[in-house]
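A quick write-up on the structure given underneath.
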Amino acid sequence: MSAETVLTTTRSVRKRLDLTRPVDLAVVRECLTIALQAPSGSNRQGWQWLVVADADQRAAVGAVYKRACDEYLESSGAAGKLFAADPARSAVQQRVHSSVAALGDTMGQVPVLVIPCLRVPGGLGSGNQAGLWGSVLPAAWSYMLAARTRGLGTAWTTLHLKYESEVAEILGLPADVHQAALIPTAYHTGDGFRPAPRQPLDEVLHVDRW
């Protein structure tokens with residue numbers, strides 16, 4: 001699989017996660033080892049990784065996620081309510097909405113949940129948040145790319161962070177550890193994935209000035 005193929009076909013997998021096939025934690029470790037090669041601010045490498053494989057723990061996290069997901073789906077910003085005036089794009093949004101709902105129902109059954117975190121002594125503060133979170137997000141994406149090359153499907157979601165403290169209590173996180181995302185990880189069903197429709201580059205590209 002070429003780098004271009006990996007980069008253009010790593011999709012958010014929600015409905016096609018295989019909930020019945022176990023995922024060997026050795027494979028997850030391989031993907032995380034690759035992720036640790038990602039850049040971080042000042043090379044601090046302040047990331048921490050929580051891998052949740054215990055069935056009871058996954059179910060508990062999944063219950064919180066389900067609550068947050070249901071609230072999101074009812075909100076005005078839910079995927080299915082966007083671009084309603086554009087029939088073609090609205091159809092895509094409806095499919096995304098349906099897949100988000102499906103993941104809300106099954107999150108607690110996904111074989112492995114990976115939660116990238118940042119350890120920030122003294123709290124998050126109010127300064128350069130982009131620099132702070134930019135020290136873990138590239139690594140999380142590298143994990144997802146590495147998983148793709150091993151036949152695993154993943155999805156990037158942060159809905160659970162509405163109830164971050166509840167999830168932290170379930171998982172026993174220290175007060176100075178902050179969650180960046182929740183990445184369900186499982187083998188996927190079906191044959192494969194294609195590049196997704198995107199806006200033309202020239203609609204979003206600015207050169208030298210806006």
- prompt: What distance separates Arg95 CZ from Arg14 CZ, expressed to the nearest 0.5 Å?
  reply: 12.5 Å
field: Same apolar cluster: Leu161 and Met107, side chain cutoff 4.5 Å
entry: no
query: Going through the checks in order, is the salt bridge (Lys or Arg N to Asp or Glu O under 4.0 Å) test met by Lys66 and Asp70?
result: CA-CA 6 Å; Lys66 167 68 172 169; Asp70 287 346; 3.2 Å; yes
message: Can you give me the closest heavy-atom contact between Ala181 and Ile115, atom names plus distance?
response: O-CG2, 3.3 Å
- prompt: Gln94 side chain to Gly80 main-chain N or O, any donor-acceptor pair under 3.5 Å?
  reply: yes
- prompt: Can you tell me if Ser135 uses its side chain to pair, donor with acceptor, with the backbone of Gly41 under 3.5 Å?
  reply: yes
field: Transitive ILVMFWY side-chain link Val207 to Val204, under 4.5 Å
entry: yes
- prompt: Taking side chain as C-beta onward, heavy atoms only, is Pro39 less than 4.5 Å from Pro138?
  reply: yes
query: Checking Thr5 side chain against Met1 main chain: does a donor-acceptor pair fall under 3.5 Å?
result: no
message: Is any side-chain heavy atom of Tyr65 closer than 4.5 Å to one of Val167?
response: no
task: Decide yes or no for Leu17 and Thr106: does some side-chain heavy atom of the first lie under 4.5 Å from some side-chain heavy atom of the second?
output: no
- request: Using a cut-off of 6.0 Å, state whether more than 12 heavy atoms not belonging to Arg119 lie near its atom CZ.
  value: yes
Side-chain donor-acceptor contact under 3.5 Å, Glu169 with Tyr163: no
message: Please report the interatomic distance CD(Gln48) to NE2(His178), rounded to the nearest 0.5 Å.
response: 12.0 Å
- prompt: Can you hop from Val23 to Leu50 via hydrophobic side chains spaced under 4.5 Å?
  reply: no
field: Side-chain H-bond candidate by donor/acceptor type, Lys81 with Ser75, under 3.5 Å
entry: no
- request: Dump the intermediate steps for salt bridge (Lys or Arg N to Asp or Glu O under 4.0 Å) on Glu203 and Arg198, then the final yes or no.
  value: CA-CA 10 Å; Glu203 291 184 8; Arg198 289 291 187 259; over 6 Å; no
- line: Heavy-atom nearest pair, Ala38 first then Ser142, reads CB-OG, 4.1 Å
message: Show the nearest heavy-atom pair for residues Arg150 and Glu30, with the distance to one decimal.
response: NE-OE1, 3.0 Å
task: Evaluate the side-chain proximity of Tyr187 to Val27: yes if any heavy-atom separation is below 4.5 Å, no if none is.
output: yes
- request: Kindly compute the distance separating CG (Leu103) from CD (Gln109), expressed to the nearest 0.5 Å.
  value: 10.5 Å
- prompt: What distance separates Lys162 NZ from Cys69 SG, expressed to the nearest 0.5 Å?
  reply: 11.5 Å
- prompt: Side-chain contact, heavy-atom cut-off 4.5 Å: Val52 with Val114?
  reply: no
query: Is there a donor in the side chain of Thr154 and an acceptor in the side chain of Tyr143, or the other way round, less than 3.5 Å apart?
result: no
- request: For the residue pair Arg67 and Glu71, establish whether any side-chain heavy-atom pair is separated by less than 4.5 Å.
  value: yes
Residue pair Leu82 / Arg89, side-chain heavy-atom distance below 4.5 Å: no
field: Side chain to side chain, Ser98 and Lys15, heavy atoms closer than 4.5 Å
entry: yes
- prompt: What is the ring orientation for Trp47 with Trp49, classed by angle as parallel under 30°, tilted 30 to 60°, or perpendicular over 60°?
  reply: tilted
query: If two hydrophobic side chains count as joined below 4.5 Å and joins carry through other members, does Leu25 share a cluster with Val110?
result: no
task: State yes or no: do Val13 and Leu182 share one hydrophobic cluster built from I, L, V, M, F, W and Y residues joined by side-chain heavy-atom distances below 4.5 Å, directly or via other members?
output: yes
field: Donor on one side chain, acceptor on other, Arg148 and Thr9, under 3.5 Å
entry: yes
- prompt: Is Thr10 reaching over with its side chain to a backbone N or O of Leu7, donor-acceptor style, under 3.5 angstrom?
  reply: no
Nearest-0.5 Å distance that lies between atom CG in Leu152 and atom OG1 in Thr185: 7.0 Å
field: Worked verdict on His97 versus Leu73 for side chain to side chain contact (heavy atoms under 4.5 Å, CB included)
entry: CA-CA 8 Å; His97 192 98; Leu73 292 170; 3.5 Å; yes
- request: Report the C-alpha distance between Leu118 and Val177 in whole Å, list the side-chain angles of each, state the deciding distance to 0.1 Å, and finish with yes or no for side chain to side chain contact (heavy atoms under 4.5 Å, CB included).
  value: CA-CA 6 Å; Leu118 269 181; Val177 172; over 6 Å; no
query: Going by atom types alone, do His160 and Glu166 pair a side-chain donor with an acceptor below 3.5 Å?
result: no
message: Between Gln45 and Leu36 (side chain of the first, backbone of the second, donor and acceptor by atom type, cut-off under 3.5 Å), is there such a pair?
response: no
query: Got a second to check how far Leu113's CG is from Ile183's CD1, nearest 0.5 Å?
result: 10.5 Å
query: Does Arg16 make a cation-pi contact with Phe193 (under 6.0 Å, within 45 degrees of the axis)?
result: yes
query: Where do Tyr72 and Ala79 come nearest, in terms of heavy atoms and distance?
result: OH-N, 2.8 Å
field: Considering all heavy atoms, the nearest Gln57-Asp54 contact
entry: N-OD2, 2.9 Å
query: Residues in side-chain hydrogen bond (donor to acceptor under 3.5 Å, both in side chains) with Ser40, at least two apart?
result: none
